[in-house]
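What follows is a single structure, written as C-alpha cells, with notes after it.
Indexing begins at 1, ligand by ligand and atom by atom, following the structure's order. Remember, it's a predicted structure, so these values are computed and weren't measured experimentally.
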Amino acid sequence: MAGKAPEEGFTAEPFVPERGGLPALRRAAADCRGCPLHRDATQTVFGAGDAHARVMLVGEQPGDQEDRQGKPFVGPAGRLLDRALAEAGIDPGQAYVTNAVKHFKFTRAEPRKRRIHKAPTLREATACGPWLAAELAVVEPELIVVLGATAGKALLGSSFRVTRVRGTVLEEEIYGRRERLVPTVHPSSVLRADDREAAYDGLLSDLKVAARALG
Ligand code: SF4
C-alpha cells in the first residue's frame with residue numbers, strides 16, 4: 001500500500017492544514033474527527049520531538065498514559081524505548097516520535113474499570129494516515145523506525161509481517177517519497193514477553209541496525 005489512500009468519509013484529510021509546519025498540524029489535529037476514535041479518547045496525541053530529526057519512530061497508537069498526558073511514548077513502553085535507543089547509540093532527544101493512529105482505542109471490562117488497549121483496525125490507521133504523511137513531509141527524516149505491526153501495515157501495506165523484515169533496511173515509496181525504513185517490534189511487546197530479556201535484546205539488535213543505517 002505504501003501510504004494507501006484513505007476511504008472516503010473516513011479520513012483525517014479535510015482536517016490537515018496545507019501549511020504552518022508542525023505547530024499548525026498539532027493544533028489542527030486536536031480537532032480531528034476523521035474517524036470515530038476521537039469520541040472516547042481524552043485528546044489527540046500528536047507526534048513530538050525535533051522537527052529536523054534524522055530519525056522518525058512510528059508506533060501504533062497512544063496508550064493510557066499518553067492519552068492522559070497528551071504526549072506520545074511517555075508510559076512504560078516509551079521509557080523502555082528511550083533506554084534501548086540510547087543503548088543502540090540513537091539519542092532519543094534527537095528523534096521524532098509519533099503513532100500511526102493519534103487517538104487511544106480501548107475497551108473496558110466494566111464501567112469505571114481500567115481501560116484496556118485495543119488494537120486499531122487498518123481502516124482506522126488508514127484514516128489517520130494523512131497526519132503521518134504530513135509529519136513525514138515536514139520532518140523529512142533520513143530513516144523511519146517502524147515499531148510493530150500496526151505501524152508497518154499503515155506504512156507498508158496489509159501484507160507487512162514484522163517477524164519477516166525486522167532488523168532489515170527497507171527502501172519503499174511512502175506517501176510519494178522514497179523512504180528508508182527499519183522495522184522492529186513495538187516496545188510494549190517487550191514488556192508483555194515471557195522472556196523479557198531476550199525480547200529486549202531483539203529490539204536492541206534491530207535499533208543497532210537503524211543506528212548503523214544513520215551512519
Ligand atoms: S484517530 Fe486519527 S483520523 Fe481518527 S479522529 Fe483521531 S486523529 Fe482523526
Practice task
Look at the N, O or S atoms of C128, main chain and side chain alike, and state whether any lies under 2.8 Å from atom 2 (Fe) of ligand 1.
Solution key: yes
Handout entry: Location of contacts on F15 toward ligand 1, heavy atoms closer than 4.0 Å
Key = neither
Handout entry: Matching residue for R54 among E140, Q94, E142 - test: side-chain hydrogen bond (donor to acceptor under 3.5 Å, both in side chains)
Key = E142
Practice task
Output yes if C32 passes the N/O/S-under-2.8 Å test against atom 8 (Fe) of ligand 1; output no otherwise.
Solution key: yes
Exercise for the section: Provide, to 0.1 Å, the distance between atom 6 (Fe) of ligand 1 and the closest protein heavy atom, together with that atom's residue and name. Expected result: H103 ND1, 2.1 Å
Handout entry: Enumerated ligand 1 atoms positioned under 4.0 Å from heavy atoms of V101
Key = 1 (S)
Handout entry: E124 bridged to K118 by N-O distance under 4.0 Å
Key = no
Problem - Carboxylate-amine/guanidinium proximity below 4.0 Å for D40 and R115 - result: no
Handout entry: In one Ile/Leu/Val/Met/Phe/Trp/Tyr side-chain cluster, 4.5 Å: V97, L204
Key = yes
Exercise for the section: Group every Ile, Leu, Val, Met, Phe, Trp and Tyr by side-chain heavy-atom contacts under 4.5 Å, then state whether V74 and L22 land in the same group. Expected result: no
Practice task
Taking both backbone and side-chain atoms into account, decide whether C35 has an N/O/S atom under 2.8 Å from atom 4 (Fe) of ligand 1.
Solution key: yes
